[in-house]
Amino acid sequence: MSLMMLGPAYNHTMESPAAFILVGIPGLQSSYLWLAIFLSAMYTTALIGNTLIMTVICMDSTLQEPMYCFLCVLAAVDIVMASSVVPKMVSIFCSGDSSISFNGCVTQMYFVHATTVVETGLLLVMAFDCYVAICKPLHYSRILTPKMMLRMCVAIISRAGIAITPLIWMLIHLPFCGSNVVPHSYCEHMAVAKLACADLMPSSLYSLICSSIIVGSDVAFITTSYVLILRAVFGLSSKNAQRKALSTCGSHVVVMALYYLPGMVSIYVAWLGQGIVPLHIQVLLADLYLIIPPTLNPIIYGIRTKQIRERIWSFVMHFLLDHSNKVL
């Protein structure tokens, strides 16, 4: 859908508009069908994979260790993250249904940004879990008790709420007196805030500083954890023990790379790439940042974690056999 096709009804609104118009990915309208197919495939994979991870961990009493509990929560967050944006994206690309109410836009924005903060917190505690398991194995059960795990999860969710609520509050109180056409495929904060008829510096600066502090501190602690882990691993005399320890944390490192690299690129391209990086590239980066981790996380953990791989295979085979017996 081009901006010229939006019509005069969408050119001017007073104060808070009744609805916003999501353009999708500006300049790539001719590829919308392929994008819809691609996103639908990834979303389906994310839903099936993360649901399988959650089901297997919840049903199998042998997978009740802290690492698997955190992975179960991560799978749930991934489903919420993908579900908050992909269905609307596919609707825009397939049917041109690009309208979203003001309240719907604000709600989507809250879930998108809150889940990203929760996810980075979960990656931090998973790195801590890996550190304790390898560097403090004798104290593992004493440190990561169920009460401590619950406190960690509450702290992660509370941090997300404390960080994102002021951002949403500032946006809600901005006056929107001009265009309500959002040059994005979901209600990304900066894309919506730029439509306001007011000084955006407080909101934009808060967004940049808050995301930099949260991601920067988490990455610093995660890096420290893995430096200590590697030092402990390479200090082991057994090569087999070294391989096992590295394999245990290898999937964590891959997942973190998939999350942080596109995420940081997306944030700073949106801030520093104006006029340098084409708009469709900026929007694509922001879109892939929200769909790639939820899609690949269960695949990576399913392939690299032997216990989960075996349980998933057993669960799928049991389901298929049970279904075939009912048909016969």
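All of these numbers come straight from a predicted model, not from anything done at the bench.
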Check your understanding: When clusters are formed by joining ILVMFWY residues with side-chain heavy atoms under 4.5 Å apart, either directly or through shared neighbours, do W169 and M109 land in the same one?
Key -> no
Exercise for review: Output, in order, the C-alpha distance, side-chain angles, deciding distance and verdict of side chain to side chain contact (heavy atoms under 4.5 Å, CB included) for L124 and T120.
Suggested key: CA-CA 6 Å; L124 173 60; T120 183; 6.0 Å; no
Revision key, fill the gap. The complete set of salt bridge (charged side-chain N to carboxylate O under 4.0 Å, His left out) pairs with one or both residues in residues 38-54, sequence neighbours excluded, reads none
Practice item. Please go through W34's hydrophobic cluster and name the other residues, only I, L, V, M, F, W, Y counting, with side-chain heavy atoms under 4.5 Å joining them. Key: L33, I37
Check your understanding: Between CD of E65 and CG of L71, what distance do you get to the nearest 0.5 Å?
Key -> 12.0 Å
Review point. Do F20 and V181 touch side chain to side chain, with heavy atoms closer than 4.5 Å?
Key: no
Donor-acceptor contacts, no H, no angles, side chain residues 137-145, under 3.5 Å, sequence neighbours left out:
| from | atom 1 | to | atom 2 | distance (Å) |
| --- | --- | --- | --- | --- |
| H139 | ND1 | R142 | NH2 | 3.0 |
| Y140 | OH | D129 | OD1 | 2.5 |
| T145 | OG1 | M148 | N | 3.2 |

Point to revise | V117-I162 co-clustered via ILVMFWY side chain contacts under 4.5 Å | key: no
Practice item. Compare all side-chain heavy atoms of L74 with those of V118 and state whether any distance is below 4.5 angstrom. Key: no
Check your understanding: Can you tell me how far the CE atom of M89 sits from the SG atom of C94, to the nearest 0.5 Å?
Key -> 13.0 Å
Check your understanding: Can you find a pair of side-chain heavy atoms, one from M81 and one from V112, that are under 4.5 Å apart?
Key -> no
Review point. What's the spacing between S185 OG and D287 CG if we round to 0.5 Å?
Key: 3.0 Å
**Study point:** Any side-chain heavy-atom pair of N180 and F102 under 4.5 Å
**Key:** no
Exercise for review: Only one of I79, V77, T295 passes side chain to side chain contact (heavy atoms under 4.5 Å, CB included) with N50; say which it is.
Suggested key: I79
Check your understanding: Between A36 and V90, what is the shortest heavy-atom contact and its length?
Key -> O-CG2, 4.2 Å
Exercise for review: Could you grab the distance from atom CG of L171 to atom NE2 of H173, nearest 0.5 Å is fine?
Suggested key: 10.5 Å
**Study point:** Mutual orientation of the aromatic rings belonging to Y32 and F93 [parallel < 30°, tilted 30-60°, perpendicular > 60°]
**Key:** tilted
Practice item. Taking atom OH of Y206 as the centre, report whether more than 12 heavy atoms of other residues, nucleotides or ligands fall under 6.0 Å from it. Key: yes
Practice item. First locate atom OG of S99, then atom CG of L22, and finally report the distance between them rounded to the nearest 0.5 Å. Key: 8.0 Å
Exercise for review: Ignoring hydrogens and angles, tell me if any N or O in the side chain of S91 forms a donor-acceptor pair with the backbone of P87 under 3.5 Å.
Suggested key: no
Review point. Shortest non-hydrogen contact from P298 to I53?
Key: CB-CG1, 3.8 Å
Check your understanding: For V154, which fellow cluster members are found when Ile, Leu, Val, Met, Phe, Trp and Tyr are connected by side-chain heavy-atom distances below 4.5 angstrom, either directly or through intermediates?
Key -> L150
Practice item. Would you name the heavy atoms of Q108 and S84 that are closest together and state the gap between them? Key: NE2-O, 2.9 Å
Review point. Would you say the SG of C187 sits less than 2.5 Å from the SG of C105?
Key: yes
Check your understanding: Is I222 close to F128 at the side-chain level, that is, under 4.5 Å between some pair of heavy atoms?
Key -> no
Exercise for review: Please identify each residue that fulfils disulfide (SG to SG under 2.5 Å) with C153, with sequence neighbours left out.
Suggested key: none
Review point. Just wondering, do C130 and M67 contact through their side chains at under 4.5 Å, heavy atoms?
Key: no
Check your understanding: So if you build clusters from Ile, Leu, Val, Met, Phe, Trp, Tyr with side-chain heavy-atom gaps below 4.5 Å, do I172 and L174 land together?
Key -> yes
Practice item. Say whether L167 and V182 are linked into one hydrophobic cluster, either directly or through other cluster members, by side-chain heavy-atom distances under 4.5 angstrom. Key: no
Point to revise | H113 NE2 to L290 CG distance, which is reported to the nearest 0.5 Å | key: 8.5 Å
Check your understanding: When Ile, Leu, Val, Met, Phe, Trp and Tyr are grouped by side-chain heavy atoms lying under 4.5 Å apart, directly or through other members, which residues fall in the same group as V80?
Key -> F111
Practice item. Please assess C58 against C72 for the test disulfide bond (SG atoms under 2.5 Å apart), listing each intermediate value before the final yes or no. Key: CA-CA 8 Å; C58 291; C72 185; 3.8 Å; no
Practice item. Looking only at non-hydrogen atoms, find the nearest pair between E119 and P293 and report the distance. Key: OE2-CB, 4.1 Å
**Study point:** Check against side chain to side chain contact (heavy atoms under 4.5 Å, CB included), L123 and D218
**Key:** CA-CA 8 Å; L123 294 178; D218 286 357; over 6 Å; no
Point to revise | pair S203-H189: side-chain heavy atoms closer than 4.5 Å | key: yes
Practice item. Locate the shortest heavy-atom distance separating A127 from S225; write the atom from each residue and the value. Key: O-CB, 4.1 Å
Review point. Where is the tightest heavy-atom contact between V23 and I92, given as atom of each residue plus distance?
Key: O-CG2, 4.2 Å
**Study point:** Flag side-chain contact, heavy atom, 4.5 Å: V85 against I291
**Key:** no
Check your understanding: With hydrophobic residues grouped by side-chain heavy-atom distances under 4.5 Å, do V73 and I157 end up in a single group?
Key -> no
**Study point:** is_close_aromatic(Y226, Y131), centroid dist under 6.0 Å
**Key:** no
Review point. Under 30°, 30 to 60°, or over 60°: which ring-plane class applies to H184 and Y186, parallel, tilted or perpendicular?
Key: perpendicular
